[in-house]
Amino acid sequence: MSAENQGSDQSQNTADVAETPTGSIRRPKTTGLATGPAAPGVPKVDPILIVDGVERRFGGLAAVDIDHLEIPRHAITALIGPNGAGKTTLFNLLCGFDRPNAGKWSFDGRNLAGVPSFKVARMGQVRTFQLTKSLSLLSVLENMKLGAPHQIGEGFWASILPFLWRRQEAEIEEKAKGLLKRFKLDAKESDFAASLSGGQRKLLEMARALMSDPTLVMLDEPMAGVNPALTQSLLDHILDLKDQGMTVLFVEHDMHMVRHIADWVVVMAEGRVVAEGPPEAVMEEPAVVDAYLGAHQDVDLGAVTGRIAVSGTDTAAVKVRERIEAEASAEIEDEGDRP
Ligand SMILES: Nc1ncnc2c1ncn2[C@@H]1O[C@H](COP(=O)(O)OP(=O)(O)OP(=O)(O)O)[C@@H](O)[C@H]1O
């Protein structure tokens, strides 16, 4: 579908339903999300997040400088851009972990400017967190319980009326165990989170976010450090979130994944939105190729980063990987030479 007719078509494109090489069902992309031609700031048919004039400066640097951005509801949106484009800074602002120098934004029609992160999460907008050192030393089940909102055991009445928190504790545990089963982590519930593989950690981060029944799930690089064997399972879990009525917004460098599951792509560079639209259309835009994909555009970044095994005959991927490895070694040597 071209960027031009993306706006008016509100039907679901089912042409994509097919079996993938791994045997899982490729699910239809959601189309008809925008009300006009795909371009930075285009209004959406049903936006869940609306950002207006948000600016975040660090000294003289405008890390985020967004005129207008709408994130479509019940769809999967990828936020992409080169290193330093401002993706993480925007994520932090939207979730209340950081404050902008200017601007406002709303979630589900409610103004979020100045709302602290724990309240944002209670309102249904939840982001995943990487396992920090201290969380790694808790068990998988304890990590899950930390994702539950409204823990009345912390309140005054609960402290003098233990039956209140005991009942809630049992409910939280049941919910946590149900989610661990769904994410195939139930056999690991008593293990330290530190013992999980990279992919299992990502599954735990996602499962923990679901403890609070969010409407918008924000995922920070869900594929980073994931073994190829778990890739399809993670993708399926993300697609499940949409099937269950949630909206997903994720930051990712892996273009293969973005093409595969995103319904809509927002491209940032130097703090601004430089392009947005359906993945196939956006990734061909000259501004995106210039700002982001550059010489790597015809190569799956999964192959470049080593997440996907590359055959010796895929010379383009092998060459890009070799060049990146050479550049990285040169940088490391350079660092080592410094006093
Ligand atoms: N706390 C901070 N203090 C100073 N500068 C910062 C701070 N946080 C981010 N920046 C700068 O703001 C810019 C945007 O950074 P940000 O981490 O948001 O980019 P990003 O798109 O998430 O990059 P990456 O893909 O590498 O994670 C960068 O130039 C970064 O150096």
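Order of listing sets the numbers, starting from 1, for every ligand and every atom in it. Throughout, residue positions are numbered sequentially from 1 according to the sequence presented. Given the structure is predicted, the values throughout are model-derived calculations rather than measurements. Because only heavy atoms are used, hydrogens play no part in the values below, and waters and symmetry mates are left out as well, while side chains stay in.
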Is K177 salt-bridged to D186, cutoff N-O under 4.0 Å? no
Counting only heavy atoms from other residues, nucleotides and ligands, does the tally under 6.0 Å from CD of E174 exceed 12? no
Distance col, row R208:CZ vs L146:CG, nearest 0.5 angstrom, shows 7.5 Å
If I compare all heavy atoms of V51 with all of W105, which pair ends up nearest, and what's the gap? CA-CB, 3.9 Å
Could you check ligand 1 for N or O atoms lying under 3.5 Å from protein N or O atoms and list the pairs with distances?
| unit_1 | atom_1 | unit_2 | atom_2 | d |
| --- | --- | --- | --- | --- |
| ligand 1 | 18 (O) | T89 | N | 2.9 |
| ligand 1 | 18 (O) | T89 | OG1 | 2.5 |
| ligand 1 | 19 (O) | G86 | N | 3.2 |
| ligand 1 | 21 (O) | A85 | N | 3.0 |
| ligand 1 | 21 (O) | G86 | N | 2.9 |
| ligand 1 | 21 (O) | K87 | N | 3.0 |
| ligand 1 | 21 (O) | K87 | NZ | 2.7 |
| ligand 1 | 22 (O) | T88 | N | 2.9 |
| ligand 1 | 22 (O) | T88 | OG1 | 2.6 |
| ligand 1 | 23 (O) | G84 | N | 2.8 |
| ligand 1 | 25 (O) | N83 | OD1 | 3.4 |
| ligand 1 | 25 (O) | K87 | NZ | 2.8 |
| ligand 1 | 25 (O) | H253 | NE2 | 2.9 |
| ligand 1 | 26 (O) | N83 | OD1 | 3.1 |

Please determine if D213 and K175 form a salt bridge, counting it only when a charged side-chain N lies under 4.0 Å from a carboxylate O. yes
No-hydrogen, no-angle side-chain donor-acceptor test under 3.5 Å, T35 and K44: no
